[in-house]
Amino acid sequence: PRFHCGEDSAKALEILAATAAQESRQSRIATAARALAGIKTSDEALLDSTGRLEINLHRLSPLDFVSAVLAFSKACDNRNPGVQEFAEAFENIACRKGSDTGFASRLKYGADWAVDNIYRGNVGELTERMPDNVFKTKSLDHFTTHRDKYPAMTDSTTYEEVRMVEMGYRSHKIPHLKKQTITKKEIAETLREGDVIMLLSPESDYDLQDIGILVERDGVLHFIHASRQTGVVTEEPDPLPRFFKTQGQHFYGYRIIRPQ
């Protein structure tokens with residue numbers, strides 16, 4: 001994938017240096033997430049007319065924010081990581097089967113992102129291991145239903161490719177925990193810095209309300225994400241349970257995903 005501009009590749013090198021200096025994967029993920037704080041939040045799918053994957057560290061969608069953070073950590077598995085290693089890792093996490101073949105290959109549903117990255121060993125799902133986990137069945141067809149909103153979908157081949165992807169998510173069972181469980185002891189003892197929290201949308205044809213990374217501050221976990229409310233990547237000031245309480249009207253449940 002190409003970088004949006006030279007500033008982005010230079011910023012990527014700075015973040016790689018800071019991330020590589022950390023010893024554990026958890027601290028690498030937290031360092032990379034905080035290094036992206038302040039970057040503008042956007043929905044790239046609404047702006048994308050070509051479908052080609054581009055690394056733009058001037059603006060990030062919520063899902064691309066998490067993919068970028070995990071890519072910085074993954075790139076540091078190399079001894080001397082550079083922008084090429086980061087770009088390859090980003091493509092690996094952000095695209096189906098780890099390969100960019102156009103708009104339809106971009107993982108845009110939370111379930112699609114989770115299923116694909118779990119299958120390829122990039123992340124693991126903890127949700128179904130937790131007590132009180134439940135399932136909600138949805139048919140994920142937002143992009144074909146709202147084709148007119150997405151410039152890349154004007155191409156009939158792209159439309160058909162996306163439609164075929166969505167057929168695999170008809171009556172898809174989405175594992176989740178009810179938002180009230182965030183205060184339970186079992187959850188608190190399981191969560192740790194570096195975990196990915198996926199907040200689930202009440203929309204009937206879409207599943208991702210928000211997604212972010214857990215970071216630890218003063219021994220307490222906080223949520224950092226590409227916030228639509230603030231318009232930038234934000235580390236929430238409230239601890240995670242308090243954040244759930246104040247923002248709970250926007251989502252019905254959550255998933256816990258752990259980078260591998």
Side-chain angles (χ1 to χ4, degrees), residues 1-22 25 27-109 112-113 116-117 120 122-123 150-153 155 158 161-162 194 196 208 211-213 215 224-228 230-235 259:
R2 63 188 177 121
F3 283 84
H4 173 257
C5 66
E7 289 182 7
D8 289 326
S9 56
K11 185 176 182 66
L13 274 175
E14 292 178 5
I15 297 174
L16 281 169
T19 303
Q22 307 302 312
R25 185 169 299 279
S27 58
R28 285 178 179 178
I29 290 171
T31 297
R34 284 177 163 138
L36 295 171
I39 291 177
K40 291 182 179 179
T41 303
S42 73
D43 189 340
E44 288 301 296
L46 293 172
L47 306 173
D48 184 2
S49 60
T50 67
R52 183 181 178 187
L53 184 62
E54 180 182 71
I55 298 173
N56 187 340
L57 298 182
H58 287 80
R59 60 174 187 256
L60 290 166
S61 69
L63 195 49
D64 279 348
F65 162 70
V66 170
S67 294
V69 169
L70 300 192
F72 279 117
S73 173
K74 186 178 181 68
C76 291
D77 290 341
N78 295 278
R79 179 170 295 180
N80 295 301
V83 292
Q84 183 64 28
E85 286 77 17
F86 166 67
E88 290 173 356
F90 182 75
E91 180 179 15
N92 181 274
I93 294 166
C95 297
R96 186 169 299 100
K97 298 180 181 179
S99 180
D100 174 33
T101 59
F103 186 83
S105 71
R106 298 294 302 278
L107 299 169
K108 296 177 286 294
Y109 292 106
D112 198 16
W113 185 91
D116 192 81
N117 279 291
R120 292 185 293 109
N122 288 329
V123 300
Y150 303 99
M153 293 281 283
D155 177 71
T158 297
E161 290 174 344
V162 173
V196 174
L208 187 63
I211 186 171
I213 304 285
V215 293
I224 182 168
H225 60 138
S227 170
R228 291 187 175 90
T230 64
V232 297
V233 174
T234 302
E235 181 176 336

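Everything numeric here is computed off the predicted structure, so don't read it as measured data. Note that the numbering runs from 1 along the sequence shown for the chain. All heavy atoms count here, side chains included; hydrogens, waters and symmetry mates do not.
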Gap separating the [atom1] atom of [X] from the [atom2] atom of [Y], nearest 0.5 angstrom:
X: D43; Y: R59; atom1: CG; atom2: CZ; result: 10.5 Å
X: L107; Y: L63; atom1: CG; atom2: CG; result: 7.5 Å
X: N122; Y: S67; atom1: CG; atom2: OG; result: 9.5 Å
X: E91; Y: T101; atom1: CD; atom2: OG1; result: 9.0 Å
X: H58; Y: I39; atom1: NE2; atom2: CD1; result: 8.5 Å
X: R28; Y: L16; atom1: CZ; atom2: CG; result: 10.5 Å

Backbone of [Y] reached by a side-chain donor or acceptor of [X] within 3.5 Å:
X: T41; Y: S227; result: yes
X: K108; Y: F103; result: yes
X: R96; Y: A104; result: yes
X: D100; Y: G102; result: yes
X: E85; Y: G82; result: yes
X: D8; Y: L57; result: yes

Over all heavy atoms of both residues, which pair between [X] and [Y] is shortest? Give the atoms and the distance, please.
X: S73; Y: R25; value: OG-NH1, 3.1 Å
X: A71; Y: A89; value: O-CB, 3.6 Å
X: L36; Y: A68; value: CD1-CB, 4.3 Å
X: F3; Y: A12; value: CE2-CB, 4.0 Å
X: A35; Y: I15; value: CB-CG1, 3.8 Å

- prompt: Do R120 and D116 sit within salt-bridge range, that is, some charged N less than 4.0 Å from a carboxylate O?
  reply: yes

Pairing of D64 and R106 as salt bridge, 4.0 angstrom limit: yes

Flag side-chain contact, heavy atom, 4.5 Å: [X] against [Y]:
X: L70; Y: N117; value: no
X: L208; Y: P62; value: no
X: V123; Y: V196; value: no
X: Q22; Y: C76; value: no
X: E88; Y: N78; value: no
X: F65; Y: I224; value: yes
X: E161; Y: D155; value: no

task: Mind running side-chain contact (heavy atoms from CB on, under 4.5 Å) on R52 and R2 for me, showing each step along the way?
output: CA-CA 9 Å; R52 183 181 178 187; R2 63 188 177 121; 3.4 Å; yes

- request: Test side-chain contact (heavy atoms from CB on, under 4.5 Å) on W113 and I93 and set out the steps.
  value: CA-CA 8 Å; W113 185 91; I93 294 166; 3.9 Å; yes

Parallel, tilted or perpendicular: rings of F72 and F86 (30°, 60°): parallel

query: Would the number of heavy atoms belonging to other residues, nucleotides or ligands and lying under 6.0 Å from CD of E7 be above 12?
result: no

message: Among residues at least two apart in sequence or on other chains, which ones pass side chain to side chain donor-acceptor pair (under 3.5 Å) with S9?
response: none

